[in-house]
Amino acid sequence: MKVIEIEGRTVDEATKKALAELGITDASKVDIEVTDKGKSGIFGLGISRPAKIRLYYNENSVEVKVTTKEVIENILNKMEIIAAIKDIKEGQSKVYVELESEKHSGLIIGRKGKTLEALQFMVNLMVNSITKSDKKIILDIELYREKRERSLRKMSKDIAMKVIKTGKPWTLEPMNPFERRLIHLTLQNDNRVITKSEGQGIYRKIKIIPSTSK
Amino acid sequence: MDYKDLVIYMVKSLVDHPDDVTINEIEGEKSTILELRVLKDDIGKVIGKHGRIARAIRTIINASATKTGKRVVLEILD
């Protein structure tokens with residue numbers, strides 16, 4: 001726990017100022033103690049006194065977010081990629097970062113999201129090694145992840161239909177654990193097919209099997 | 001494009017001995033070879049399980065290299 005003291009015209013203003021200074025957006029993560037409510041002079045007359053607050057915050061919640069921002073900006077900068085952080089949100093166990101880039105979003109995503117995946121992996125390692133936290137950082141750009149999820153769901157349903165029709169199993173291309181899980185979940189309620197994972201490591205892929213042939 | 005700087009930045013924040021990280025850049029006509037050297041104790045931190053970290057570093061280098069059309073090869077030496 002750390003403490004800072006901040007003055008402002010009103011209590012509200014002082015709180016906003018303190019949060020902005022620390023880079024915290026979630027006010028519920030800090031404890032605020034009002035030490036002086038302040039006094040505003042009427043019509044500019046009288047003696048006005050600034051409000052004072054004391055803000056108790058957790059050191060970690062500041063560091064992770066600031067470090068994440070720094071690391072991402074440094075990497076993109078050194079890659080000579082023009083992109084900006086559009087939004088950064090911090091939750092209990094996750095940090096969600098949304099990037100935006102006019103020219104280079106395709107480059108940041110890469111083929112089948114490979115580059116975005118690599119960037120996310122590196123940023124996680126670097127931030128966690130610097131701050132010693134274990135928060136998971138999620139990188140997204142222009143809602144790529146949402147779109148990818150939707151297309152994976154649709155693709156897996158289409159292939160399941162084909163498997164049901166032909167009665168022959170179909171093996172999908174290799175995917176990461178997150179994507180495989182998504183497909184297993186999408187098809188788990190369809191009792192006409194069974195999904196299985198095969199292979200090792202990065203080559204692990206899903207096989208969609210008709211439930212009649214065992 | 002300074003690949004050296006990019007790799008050094010990423011690697012230094014992963015290892016226990018950042019002062020012992022060195023990179024030698026060999027520039028050819030069509031490709032650039034980066035020879036990364038770290039202390040023996042740190043080599044696992046640069047390669048990762050099943051080479052996951054090394055692969056991520058290479059993917060990131062290659063993404064920034066696509067703009068120049070050059071091939072960049074990262075070699076990890078000890």
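Letters A, B, ... are given to chains in the order of the sequence lines, protein chains preceding strands, and every chain is numbered from 1. Predicted, not measured: the structure shown is a model, and the values here were computed from it.
Both tests pass for A:K162 against the ring of A:W170: distance under 6.0 Å to the centre and angle within 45° of the axis.
A 4.5 Å side-chain heavy-atom check between A:I138 and A:V97 finds every atom pair outside the cut-off.
Proximity to chain A (any heavy atom under 4.5 Å) is restricted, for B:K67, to the side chain, taken from C-beta onward. For a residue to count as touching a neighbouring chain, one of its non-hydrogen atoms must lie under 4.5 Å from one of that chain's; by this rule B:D2 touches chain A with the backbone only. Neither the backbone nor the side chain of A:I108 comes within contact range of chain B; no heavy atoms are under 4.5 Å apart. Both the backbone and the side chain of A:V71 come within less than 4.5 Å of a heavy atom in chain B. In this structure, chain A has heavy atoms under 4.5 Å from both the backbone and the side chain of B:R52.
Side-chain atoms of A:D140 never come within 3.5 Å of backbone atoms of A:E98 as a donor-acceptor pair (strictly under, hydrogens ignored). With B:R58 contributing its side chain and B:L74 its backbone, the two residues share a donor-acceptor pair below 3.5 Å. Under the 3.5 Å distance criterion, the side-chain polar atoms of A:R153 are left unmatched by any main-chain donor or acceptor of A:L182.
For chain A, the option among B:N62, B:T66, B:I60, B:I61 with the highest count of heavy-atom pairs below 4.5 Å is B:I60. Your options are A:M126, A:E117, A:M122, and the one with the most heavy-atom pairs under 4.5 Å with chain B is A:M126.
Between A:D190 and A:R192 a salt bridge is recorded (basic side-chain N to carboxylate O distance below 4.0 Å).
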